[in-house]
Amino acid sequence: MKFVTMFPSAENIHLIKDVGMIPYIMHKKFGYKSELACYKNGEYPFINVEVKGLELKFIKKYTGKAVIDGALYLLKSSKKIDVLHLFHFGKRDIIWIWIYTLLNREGKIYLKLDADNTIKKTVNPCDNSLKAKIKKYTLKRCKLITVETLNIYNFLIDNWKIAIEYLPNGFYDYGKKEPINYENKINTILTVGRIGTFQKATEVLLEGFKCAANKIENWKLKVVGPIEKDFEVYIKDFMKSNPELRERIEFTGAIYDRVKLEEEYKKAKIFCLTSRYEGFPLVFLEAIKHGCYIISTNFNAAYDITNNEKYGMIFDIDNSKQLSDSLVKACNNEMTIKQNFHETNKFCYENFYWPVLCKQICDFLDE
C-alpha cells in the first residue's frame, strides 16, 4: 500500500514535523510504502537519519504554481497511490481531491485540516451557493478528515455535518524514551519561536516578566529563536530602560542543533508562549514531553495541551498583566509544578505520541 503525503513547499525541517512524521511512522510502524511529494526546496539531510525509509518524490516545477504542478503530478501518479494525504482545505486542495478521486476510485484521501479558527468560516451549512456545494461534496470524497484541537473539532462536528475526527499533532522519540528528572531542572522560564514577529508577541512576554520580576527574584527568562531585525531595536531599548534585568533575560538566538535545543527543555521548569494566534504549535509537545509547566495565551491548542489548565495556566492574548500574575503564581508555587512534572510527561505520551496517533489513522482508513 502506497501512502503519499503531498506538500509542495516541504523543506528539510518539515521532515521532523507532521508533514514528514506521519508518512514516516505509517511506513516504520504500519507497513506502508510512504512518499513525500514536494518541490526540491534545498537539501534534505534528515531523510537519511531522522526519517530513514521515507522516500522523497520531487514534483516537477513546470509553472512554479503549486496548484498546477500538483495537478500535473496527480494526473501521472494517482493510480499508483493508495492513500493521498493532503493538508489544509483551500482551492488547490479541492482541485487535487477531485483529480485524484476521479482517476483512482479505489483510492483514499486523508485530509489533515491543520486548522486555526479561520476554518470555521470555510463551510457554512446554510449556504446553498454553488461554491459551498462544491466544498461540501469535496469533503465527502475524503475517507478521513482530521482536525488538531478539540474546540474546532466540536464546532465542525456541530456545523459541517460531515464525519471528522479529532487528531492532535504529535512527537516521536524513536523508541528511546529517556527518564526525566526534576532535580535537573532550574528556575528558568523558556520560550522558543521566531522572536519579535507579530504572531509571537515577544514584547508581551518581556513586559510580563518585567512586571513579575521583583516577585520571582530567583527566576530567569530564556528566549530561544531567530530574532527579527526590527525587534533587535526593541530589545536594546528594553534593556536600556530595565538594566536590572540584563542578568535575568537571555537571548540565545536560533538553536538549530536538536540535541542542544532539547537540553533547554530539559532544564526549564516553565514554558511560556505569548502568541496572538496558533494552530497546534509543536514546541508545546517538546515542553510537556520534558515535564514543563505551560503558561500560554488562550488559543485552542493551549486548552488541549494543558488538559484544560490541569498542567498549566492560560491568559488573555496581549494581556501582560495577566501573564505577570500567572508567572508570580506559578513560580511561587513550585509544589504544583513538581507534582505535575511526571503526570505531564505521561499525559504527553498517552495523547500526543505519533505511533499512537498513526495507529488511529490506520484504524480510520481501514473502517
* Asked: Within the distance-only criterion (no hydrogens, no angle test), does the side chain of K210 pair as donor or acceptor with the backbone N or O of N242 below 3.5 angstrom?
  -> no
* Does the pair D325/K321 count as a salt bridge with the N-to-O cut at 4.0 Å? -> yes
* **Any pair counted as ring pair (Phe, Tyr, Trp, His ring centres under 6.0 Å), so long as it reaches residues 176-226, sequence neighbours left out** => Y182-F341
* To do: Tell me whether the centres of the aromatic rings in Y44 and F58 are closer together than 6.0 Å.
  => yes
* Audit row: V283, Y265, side-chain contact (heavy atoms from CB on, under 4.5 Å) steps and yes/no -> CA-CA 9 Å; V283 289; Y265 288 105; 3.5 Å; yes
* Any salt bridge between E217 and R248, counting N to O under 4.0 Å? -> no
* To do: Answer yes or no: is there an ion pair linking E278 with K200, defined by an N-O contact shorter than 4.0 Å?
  => yes
* Asked: Are the side chains of I186 and K220 in touch, meaning some heavy atoms are under 4.5 Å apart?
  -> no
* Salt bridge K260-E263, side-chain N to carboxylate O under 4.0 Å -> no
* Going by atom types alone, do T146 and Y110 pair a side-chain donor with an acceptor below 3.5 Å? -> yes
* Asked: With distance as the sole test, does K185 use its side chain to make a donor-acceptor pair with the main-chain N or O of K267 at under 3.5 Å?
  -> no
* Structure fact -> Contacts satisfying ring pair (Phe, Tyr, Trp, His ring centres under 6.0 Å) that involve residues 311-338 (not counting sequence neighbours) are Y311-F347
* Asked: Relative to the ring of Y234, is the ring of F238 parallel (under 30°), tilted (30 to 60°) or perpendicular (over 60°)?
  -> parallel
* Asked: Will you find, in the side chains of E148 and N169, an N or O donor that is under 3.5 Å from an N or O acceptor?
  -> no
* For the residue pair Y166 and Y153, categorise the inter-ring angle as parallel (less than 30°), tilted (30 to 60°) or perpendicular (more than 60°). => tilted
* To do: State whether the side chain of N154 and the backbone N or O of L150 hold a donor-acceptor pair below 3.5 Å, judged by distance alone.
  => yes
* To do: Kindly check if the number of other-residue, nucleotide or ligand heavy atoms within 6.0 Å of NZ (K359) is above 12?
  => no
* Asked: How about Y353 and F171: are their ring centroids closer than 6.0 Å?
  -> yes
* Asked: Would E286 and K17 count as a salt bridge (Lys or Arg N to Asp or Glu O under 4.0 Å) if you check the C-alpha gap in whole Å, the side-chain angles of each, and the deciding distance to 0.1 Å?
  -> CA-CA 12 Å; E286 290 299 321; K17 296 185 176 183; over 6 Å; no
* **Carboxylate-amine/guanidinium proximity below 4.0 Å for K346 and E343** => no
* Sub-3.5 Å donor-acceptor pair from the side chain of N41 to the main-chain atoms of P8, do we have one? -> yes
* To do: Give me the one residue out of I157, D158, N159 that meets side chain to side chain contact (heavy atoms under 4.5 Å, CB included) with F155.
  => N159
* Is the backbone of E178 close enough, under 3.5 Å, to the side chain of D173 for a donor and an acceptor to pair up by distance? -> no
* Ion pair K2/E35, N-O distance below 4.0 Å -> yes
* To do: May I have the step-by-step check of side-chain contact (heavy atoms from CB on, under 4.5 Å) for L54 and K28, ending in yes or no?
  => CA-CA 8 Å; L54 172 64; K28 183 176 176 64; over 6 Å; no
* More than 12 non-hydrogen atoms from neighbouring residues, nucleotides or ligands closer than 6.0 Å to CD on E244, yes or no? -> yes
* Hey, is the main chain of I134 close enough, under 3.5 Å, to the side chain of T138 for a donor-acceptor pair? -> yes
